[in-house]
> 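Sharing a structure below in structure tokens format, with a few things to ask.
As the structure lists them, so they are numbered: ligands from 1, and atoms in each ligand from 1.
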Amino acid sequence: MPSPSITRIGVLTGGGDCPGLNAVIRAVVKDAASHGIETVGIEDGFLGLIENRVRPLTPDDVSGILADGGTILGSSNKANPSRFACGMLPDGSPIIEDRTDFCMSVIERHGLQALVVVGGDGTMSCAEIMVQRGVRCIGVPKTIDNDIHGTDLTFGFSTAVQTATDAIDRVRTTAASHHRVMVVEVMGRNAGWIALHAGVASGSDIILIPEIPFSIESVCDQIRERAGRGKRYSIVCASEGARPVGGKAFVERIVATSPDPIRLGGIGRAVADQIEERTGIESRYVVLGHVQRGGTPVALDRVLATLFGDHAMELLKFGSGPARDMDASRGSRLVVWKDGRLGDIALTEASNKQRLVAPDQPLLAAARSVGTSFAEA
Ligand code: F6P
């Protein structure tokens, strides 16, 4: 039986959005309502707590949103309650304030006994601050990057991979018509999962990922070698975080008010320019950017998001962790998908760690066996 003490919960979506967020919100609200639990939606992630912007969510409010991209609650990746950037000093540096007490007062005012926190690394760090203040939080991992420690899969990733694959398929036909090299830059931050999966799925000739530093000479050698075999075009799928041997990742901008201020970007152009200069083969680049975060979630992401939302509610209702705890510190868990099964780990376990592509990742070997190059030195 569910704990009689849980009658009202809050749900928020934080960090960069991804397809499947609405499917989680829907699962949480519908499950909660069917057990007599009220759900309150917190707008724009932790910013909604900091600014007391919340609204009730009923099953009617979430009906029909399963297949919608984005999040009906909005999101923010600049709202850490303990280090909130509330303004700017004349020198351009942010004014930082601790708004945790106010967030606690909002939680109390609305009678929220627990929070379902849907987000990535940064959002989970914010949740940990609330856990330390006695608020039970259940984390649901989201990100197109698929880089959250402790879970083999995050929802949003499969949709991003499909979008990138479709885009590369389209780029391939124009590359073939014009006998060009096309470099497609995909997202993923410091993890190469999107590039690796979309690169393999699209049959890209060269895949550049952050975990394997590349040599531009090796990239050009592959392209020349293909040309020598009569292959009159080549496709390079480059992760935004990939870097040359001994070099650094390409940084597009710094967002000073963001907890993770570095925004990567620029590798597509740099690599395409180098290829054209060194091989003499005409080259172009495409940056897929936020297209990968938008649109309707593929079926797998809808299913995973629904499973995650359902598991979050199971944990909230019946206690969580090995001891079925309901208290804040031991009962705050992160829902995960591990070894083909749904499960949960301590919320703190995934903090400050990234799940990167390991050298023994089977997809690396599979890619190499079909002739794909990672352009190692
Ligand atoms: O973490 C998701 C992600 O889309 C990354 O792949 C990308 O590097 C980053 O967010 C972009 O952030 P923003 O939306 O702030 O530009």
> For a quick check under 3.5 Å, do T7 and Q113 share a side-chain donor-acceptor pair by atom type?
yes
> Heavy atoms only: which of Q292, R263, K142 lies closest to atom 13 (P) of ligand 1?
R263
> Show the atoms of ligand 1 that are less than 4.0 angstrom away from any heavy atom in N77.
15 (O)
> Considering only the protein, which heavy-atom contact is closest to atom 14 (O) of ligand 1, and what is its distance?
H290 NE2, 2.9 Å
> I need the I72 CD1 to I65 CD1 distance, nearest 0.5 Å.
4.0 Å
> Go through T143 and R189 one step at a time and tell me if the side-chain hydrogen bond (donor to acceptor under 3.5 Å, both in side chains) criterion holds.
CA-CA 11 Å; T143 168; R189 224 180 272 267; over 6 Å; no
> Determine whether the side chain, the backbone, both or neither of I194 has a heavy atom under 4.0 Å from any heavy atom of ligand 1.
neither
> Does any donor atom in the side chain of D260 or S258 lie under 3.5 Å from an acceptor atom in the other side chain?
no
> Looking only at side-chain N and O atoms, does D121 offer a donor or acceptor that is under 3.5 Å from a partner on H149?
no
> Looking only at protein heavy atoms, identify the closest one to atom 9 (C) of ligand 1 and say how far it is in Å.
R189 NH2, 3.6 Å
> Identify the closest protein heavy atom to atom 6 (O) of ligand 1: which residue and atom is it, and at what distance?
D145 OD1, 2.7 Å
> Side chains of T163 and D166: do they bring a donor and an acceptor to under 3.5 Å?
no
> Please list the nearest protein heavy atom to atom 4 (O) of ligand 1 with its residue and the distance rounded to 0.1 Å.
R293 NH1, 2.7 Å
> If I apply the N/O under 3.5 Å rule, does L264 come out as touching ligand 1?
no
> Measure the distance from atom 7 (C) of ligand 1 to every protein heavy atom, then report the residue, atom name and distance (to 0.1 Å) of the closest one.
E240 OE2, 3.3 Å
> Under 4.0 Å from a heavy atom of I144: give me the atoms of ligand 1 that qualify, with their elements.
4 (O)
> Answer yes if the side chains of N146 and T154 hold a donor-acceptor pair under 3.5 Å, and no otherwise.
yes
